[in-house]
*Asks:* 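If you scroll down you'll find the structure; I have some questions about it.
All heavy atoms count here, side chains included; hydrogens, waters and symmetry mates do not. First the proteins, then the strands, lettered A, B, ... as listed; each starts at 1.
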Amino acid sequence: MPLRLFNTYSRTLEEFHPLDPAGSEVKMYTCGPTVYAHAHIGNFRAYLFEDLLQRHLESRGFQVRRVMNITDVDDKTIQGSRSAGIPLAEFTSSFKQAFFADLDTLRIKRADHFPEATEPGQIAAMIEMIKTLVERGLAYQAEDKSVYFRINKFPGYGQLAHFDLSELRSTGRVKSDEYDKEHVGDFALWKAWDEEDGAVRWESPWGPGRPGWHIECSAMATQLLGDQLDIHCGGVDNIFPHHEAEIAQTEGCTGRKFVRYWLHCAHLMVDGQKMSKSLGNFYTLRDVLAKGYSGREVRYALMRVHYRAQLNFTWEGMEESRKALRRIDAWVARLREKAEEENAQRPTPNVQRPTEEGSGFEDALDDDLNISGALGVLFETISETNLALDLGKLDSDAARLRLQWWERIDRVLAVSGEETVALPAEITALAEARTQARLAKEWRKSDELRDELAAKGWEVRDTKDGQKITRRGGV
RNA sequence: GGCGGGGUAGCCAAGUGGUAAGGUCGGGGUCUGCAAAACCUCUAUUCGCGGGUUCGAUUCCCGCCCCCGCCUCCA
């Protein structure tokens, strides 16, 4: 079954084949964060979608070379550093660190490169690109000293978003004091320095200033991956103008098709509206962790809905995700237990063995990352296995095969295993007291201790191997 | 207004021209000192609305309604 992906450019599902003649290497560029604040979970939904894509590509044998940029200079970062009264680099560095910590919490694989816009080499590359565009008449310096891209000189402008330029409407969200532009749609490649920028400035052939946002990605992508990319991802809100601008700038310089597959992730919603910093209706990862949820629970919750469908974030959804993961955990634990048993000399009667390790999970993901279908395959397998175990129809060999299958698909899902939490001494002491009470069959005391543990946020379950204690999640 | 995405059980969500995966909640059961957990099991004559094509449509076609996003800060 071929891998098919929905290409925003063509608005159709297309079979995926990388540019690499050997059909192995995939060059992937993913728009990263602007480090002026903590990323919110809507941002992470996009990064999780990209992680799922990368992991699935790898499970299908591709070598993914991925770049994710860090935007560490723009209006917001400059404003932030000014109001904090510290240099730009100092201001952004804590948010960079937090971003990487959050990636780890969510088990998002690291990209091969995380270029930063302010790296001298990147700034130089941006200036080179702008020079080329000016030489070719695709850009011009306006009276305000800024350099703009001349969209009327680039016939393809608007094709990704499928916009008719003559019908562009201003939303009034951006202050339109840029009367110097030839066309309202012309976008800044180089922003001339002004007093608001303070010490943030680089020299250029057009005077001091800083790069525009769009050119950053064009420069960093081509520096690290070459003129042509296989896949470029981002949120749907990047389609226009950001990705449209990237195409215009990059192809204006190289004359070659920049990106072969454009993939865009729908928004995370909250109360039926887009989660965004400007609306103020956002949660950071830290906010959700503070409610007692783990990174893998957030990962699951944000990954379980198809990337092109809007996903409404709710605490109920978090709870559903937690329960679903518990079901997986219990199943894996049960399989491990069974797998460790030696098979009896006599084969188990009517044993059910997976005749051939199914690829239903991967097949579903081949269909434009149909995660719901893939999870359906997983949960059906869980039910079948549990039933077979109940009926004594699954022996240790079969359990080992199932486990191997699970390990394979979990390289894509990356949700297995709860993070182990160390028990505080106080809790250990209470638990020990309860064990003693139970041995003495002092049920009332046992129950009181259970209540006490519960009040402290720890859940006790009695199993045939004694009591098990877990941190109670939620609320 | 233009361009997209979506409307399937209480909630979340797959899917197919032939009669609706899965998760979660809820009901029932097994287990248990009691619980919890775990496991099993039941729960949509029906897929936004109205037409049409068809032996048959949730799935194809036409029209309409509603929600959300983008239209130069945004993942």
*Asks:* Would you mind writing out the side-chain donor-acceptor pairs for residues 259-267 of chain A within the sub-3.5 Å range, not counting sequence neighbours?
*Replies:*
{"residue": "A:Arg260", "atom": "NH1", "partner": "A:His17", "partner atom": "O", "Å": "2.8"}
{"residue": "A:Arg260", "atom": "NH1", "partner": "A:Asp230", "partner atom": "OD1", "Å": "2.9"}
{"residue": "A:Arg260", "atom": "NH2", "partner": "A:His17", "partner atom": "O", "Å": "3.2"}
{"residue": "A:Tyr261", "atom": "OH", "partner": "A:Glu15", "partner atom": "O", "Å": "3.0"}
{"residue": "A:Tyr261", "atom": "OH", "partner": "A:His17", "partner atom": "N", "Å": "3.0"}
{"residue": "A:Tyr261", "atom": "OH", "partner": "A:His17", "partner atom": "O", "Å": "3.4"}
{"residue": "A:His264", "atom": "ND1", "partner": "A:Thr8", "partner atom": "OG1", "Å": "2.7"}
{"residue": "A:His264", "atom": "NE2", "partner": "A:His243", "partner atom": "ND1", "Å": "2.8"}
{"residue": "A:His267", "atom": "NE2", "partner": "A:Asp237", "partner atom": "OD2", "Å": "3.2"}

*Asks:* Ignoring hydrogens and geometry beyond distance, is the side chain of A:Asp390 in donor-acceptor contact with the base of B:C31 at under 3.5 Å?
*Replies:*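 No pair found.
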*Asks:* Centres of the A:Phe163 and A:Phe240 rings: under 6.0 Å?
*Replies:*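 Under 6.0 Å, so yes.
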*Asks:* If you measure only the distance, is there a donor-acceptor pair under 3.5 Å linking the side chains of A:Thr118 and A:Asp72?
*Replies:*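 Indeed, the side chains of A:Thr118 and A:Asp72 share at least one donor-acceptor pair under 3.5 Å.
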*Asks:* Of the options B:G22, B:G4, B:C39, whose atoms approach the side-chain atoms of A:Phe379 most closely?
*Replies:*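 From the listed options, B:G22 comes nearest.
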*Asks:* Look at the side chain of A:Asp367 and the base of B:G15, then say whether one donor and one acceptor between them are separated by less than 3.5 Å.
*Replies:*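 No such pair is found, so the answer is no.
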*Asks:* For the side chain of A:Arg450 and the base of B:A35, is some donor closer than 3.5 Å to an acceptor across the two?
*Replies:*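 Yes.
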*Asks:* Just call it for A:His306: base, sugar-phosphate, or nothing, with non-hydrogen atoms closer than 4.0 Å on any strand.
*Replies:*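 Counting heavy atoms under 4.0 Å across all strands, the contact made by A:His306 is with sugar-phosphate only.
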*Asks:* So A:Lys277, base contact, sugar-phosphate only, or nothing? Heavy-atom distance under 4.0 Å.
*Replies:*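 Answer is nothing: A:Lys277 stays at 4.0 Å or more from every strand.
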*Asks:* Using atom names, set out every protein N or O paired with an N or O of nucleotides 8-12 of chain B below 3.5 Å, distance rounded to 0.1 Å.
*Replies:*
{"residue": "B:C11", "atom": "O2", "partner": "A:Glu320", "partner atom": "OE2", "Å": "3.1"}

*Asks:* Can you figure out which of B:C68, B:A36, B:G33 approaches the side chain of A:Trp443 most closely?
*Replies:*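 When the side chain of A:Trp443 is considered, B:G33 is the closest of B:C68, B:A36, B:G33.
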*Asks:* Select base, sugar-phosphate, or nothing to describe what A:Arg327 touches, counting heavy atoms under 4.0 Å on all strands.
*Replies:*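 If one applies the 4.0 Å heavy-atom cut-off, A:Arg327 turns out to touch the sugar-phosphate alone, with no base involved.
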*Asks:* Could you tell me whether the side chains of A:Asn370 and A:Ser372 share a donor-acceptor contact shorter than 3.5 Å?
*Replies:*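 There is no such pair between these side chains.
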*Asks:* Would you classify A:Gly42 as touching base, sugar-phosphate or nothing, given that sugar-phosphate means primed atoms plus P, OP1 and OP2, and contacts are heavy atoms under 4.0 Å?
*Replies:*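 If one applies the 4.0 Å heavy-atom cut-off, A:Gly42 turns out to touch a base.
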*Asks:* Below 4.0 angstrom, N of the basic side chain to O of the carboxylate: do A:Arg210 and A:Asp197 qualify?
*Replies:*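 Between A:Asp197 and A:Arg210 there is a salt bridge, with a charged N closer than 4.0 Å to a carboxylate O.
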*Asks:* Base, sugar-phosphate, or nothing for A:Ile371, non-hydrogen atoms under 4.0 angstrom?
*Replies:*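 Contact class for A:Ile371: none.
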*Asks:* Taking the side chain of A:Arg326 as its heavy atoms from C-beta onward, which of B:C40, B:C70, B:A38 lies nearest to it?
*Replies:*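 For the A:Arg326 side chain, the nearest candidate turns out to be B:A38.
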*Asks:* Taking atom types as modelled and ignoring hydrogens, do the side chains of A:Asp287 and A:Thr284 form a donor-acceptor contact shorter than 3.5 angstrom?
*Replies:*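 Present: a donor and an acceptor within the cut-off.
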*Asks:* Please enumerate all residues that pass salt bridge (charged side-chain N to carboxylate O under 4.0 Å, His left out) together with A:Arg66, with sequence neighbours excluded.
*Replies:*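 If we apply the salt bridge (charged side-chain N to carboxylate O under 4.0 Å, His left out) test to A:Arg66, skipping adjacent residues, there are no hits.
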*Asks:* Report the nucleotide, chosen from B:G33, B:U72, B:G15, that has the shortest atom-to-atom distance to any side-chain atom of A:Asn370.
*Replies:*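 The nucleotide sitting nearest to the side chain is B:G15.
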*Asks:* Heavy atoms only, 4.0 Å cut-off, all strands: where does A:Met269 land among base, sugar-phosphate and nothing?
*Replies:*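 Sugar-phosphate only.
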*Asks:* Just grab all the salt bridge (Lys or Arg N to Asp or Glu O under 4.0 Å) pairs involving residues 26-42 of chain A, residues at least two apart or on different chains.
*Replies:*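 Those involving residues 26-42 of chain A do not exist here.
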*Asks:* Tell me, which stems hold RNA chain B, with a stem being 3 or more Watson-Crick or G-U pairs in a row and both distances under 3.5 Å?
*Replies:*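 RNA chain B forms these stems: B:1-7 with B:65-71, B:10-12 with B:22-24, B:26-30 with B:38-42, B:48-52 with B:60-64.
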*Asks:* Is A:Arg444 side chain donor-acceptor paired with the B:C34 base, going by distance under 3.5 Å alone?
*Replies:*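 Counting by modelled atom types and ignoring angles, no donor-acceptor contact under 3.5 Å is found here.
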*Asks:* Residues in ring pair (Phe, Tyr, Trp, His ring centres under 6.0 Å) with A:Tyr47, at least two apart?
*Replies:*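 A:Phe44, A:Phe99.
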*Asks:* Can you tell me which nucleotide in B:A13, B:C3, B:G23 comes closest to the side chain of A:Ala324?
*Replies:*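 Looking only at heavy atoms from C-beta outward on A:Ala324, the closest nucleotide is B:G23.
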*Asks:* Looking only at the side chain of A:Ser372 (C-beta and beyond, no hydrogens), which of the listed nucleotides B:A14, B:C70, B:C68 gets closest?
*Replies:*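 Minimum distance to the A:Ser372 side chain belongs to B:A14.
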*Asks:* Using the side-chain heavy atoms of A:Leu387, tell me which of these nucleotides is nearest: B:U24, B:C34, B:C40.
*Replies:*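 For the A:Leu387 side chain, the nearest candidate turns out to be B:C40.
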*Asks:* Which is more 5' along RNA chain B, the nucleotide nearest A:Phe187 or the one nearest A:Arg334? Just name the residue.
*Replies:*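 Nearer the 5' end of the strand: A:Arg334.
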*Asks:* Do any N or O atoms from the side chain of A:Arg296 and from the backbone of A:Leu325 form a donor-acceptor pair under 3.5 angstrom?
*Replies:*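 It does not hold such a pair.
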*Asks:* On RNA chain B, does the nearest nucleotide to A:Arg434 precede the nearest nucleotide to A:Ala46 from the 5' side, or the other way round? Give the residue.
*Replies:*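 It is A:Arg434 whose nearest nucleotide is closer to the 5' end.
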*Asks:* Remember a base hit wins even if backbone is also touched, and classify A:His267 as base, sugar-phosphate or nothing at under 4.0 Å, heavy atoms.
*Replies:*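 Base contact.
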*Asks:* Of all the choices, B:U24, B:C3, B:G69, which nucleotide is nearest to the side chain of A:Lys323 once you look at every atom?
*Replies:*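 When the side chain of A:Lys323 is considered, B:U24 is the closest of B:U24, B:C3, B:G69.
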*Asks:* What nucleotide among B:G33, B:G5, B:G69 has an atom nearest to a side-chain atom of A:Phe6?
*Replies:*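 Nucleotide nearest to A:Phe6's side chain: B:G5.
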*Asks:* Could you tell me whether A:Arg434 and A:Asp462 have a side-chain N and a carboxylate O separated by less than 4.0 Å?
*Replies:*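 Judged by the 4.0 Å cut-off on N to carboxylate O distance, A:Arg434 and A:Asp462 do form a salt bridge.
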